[in-house]
Amino acid sequence: MATLQHDTNWNPTLYDDKHTFVAKYGEDVVQLLAPQNGERVLDIGCGTGYLTNLIAQAGARVIGIDNSDSMIQRAQAVYPDLDLRVMSATDFHFDTPFDAVFSNAVLHWVLEKEAAVDCMAEALRPGGRLVLEMGGKGNVEEIVVATRKVLTRHGYYSNASTQLWYFPSISEYTTLLEKKGFRVRFAAHFDRPTELKDTENGIKEFIKMFGNAFFVDIPERAVDPILTEIQEAVRPTNYRNGAWYGNYKRLRIAAVKL
Ligand code: BEZ
């Protein structure tokens with residue numbers, strides 16, 4: 001996944017074993033992209049390559065980039081024929097422009113959003129399309145709020161104020177795109193409650209996978225009790241019918257480079 005301003009050590013095995021839903025939900029976004037035979041597509045934050053491969057199967061010539069070396073290594077092992085490269089979402093350049101840029105579940109990690117939008121605009125030919133999905137305003141809000149509260153209660157004030165994700169509203173992100181020369185053709189901000197795989201410790205596993213930057217420099221023995229407190233704090237809003245949910249709010253956008 002793309003540029004992280006914090007040291008999130010991606011674990012491709014844990015990611016594929018317990019968080020396959022990230023890529024699975026992205027299949028809809030590939031449908032919105034509607035990749036065409038022979039066109040050049042860039043997949044930003046390709047992770048373990050599942051969606052990049054779907055795009056390639058549609059006949060597109062796709063390049064996947066991700067700034068996690070371990071994710072790219074895993075993707076390359078599974079899909080040896082794909083063109084995959086370790087690159088940052090905020091600092092990439094290709095000499096030949098793309099017909100389409102695609103990104104799923106990545107851009108909320110990119111705090112330097114202007115730099116990412118600049119790179120995406122620069123990578124597209126005029127008339128080229130951008131199709132993206134990311135966490136939108138209010139995404140996993142209960143988990144974020146509980147994490148900050150519990151860390152503060154334990155005296156970890158600077159951990160509590162860690163800015164890990166950027167979850168914009170429609171107007172914030174489309175304004176950014178319009179300023180950089182895109183015409184937004186479609187934008188939606190919708191709820192997608194997402195069942196987490198681990199029925200016992202779904203929230204703890206989610207935070208261990210995606211939110212480990214909140215726990216930098218916290219002694220190992222203190223981490224698990226904090227995670228348990230966070231999980232219990234969100235039980236009323238995130239646990240139902242025997243399963244844990246992330247209350248995802250997605251921002252889905254299709255735009256054209258002018
Ligand atoms: C998301 O895809 O919305 C997301 C995933 C991990 C952490 C935060 C948000």
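For ligands, and for the atoms within them, numbers begin at 1 and follow the listed sequence.
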Q: Which label fits Trp109 and Trp165: parallel for a plane angle under 30°, tilted from 30 to 60°, or perpendicular past 60°?
A: perpendicular
Q: Please determine whether residues Leu164 and Ile218 belong to a single hydrophobic cluster, defined as Ile, Leu, Val, Met, Phe, Trp and Tyr linked transitively by side-chain heavy-atom distances below 4.5 Å.
A: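 Shared cluster, yes.
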Q: Distances only, to 0.1 Å: what are the N or O pairs between ligand 1 and the protein that fall under 3.5 Å?
A:
unit_1: ligand 1; atom_1: 2 (O); unit_2: Arg250; atom_2: NH1; d: 3.4
unit_1: ligand 1; atom_1: 2 (O); unit_2: Arg250; atom_2: NH2; d: 3.1
unit_1: ligand 1; atom_1: 3 (O); unit_2: Asn139; atom_2: ND2; d: 2.7
unit_1: ligand 1; atom_1: 3 (O); unit_2: Arg250; atom_2: NH1; d: 2.4

Q: Once you round to the nearest 0.5 Å, how far does CG of Asn104 lie from CG of Asp28?
A: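 The CG atom of Asn104 sits 9.5 Å away from the CG atom of Asp28.
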Q: For Tyr239, is the NZ or CZ atom of Arg235 found under 6.0 angstrom from the centre of its six-membered ring and inside 45 degrees of the ring axis?
A: yes
Q: Quick check, are the ring centers of His108 and Phe167 under 6.0 angstrom apart?
A: yes
Q: Where does the angle between the aromatic ring planes of Phe94 and Phe98 fall among parallel (under 30°), tilted (30 to 60°) and perpendicular (over 60°)?
A: perpendicular
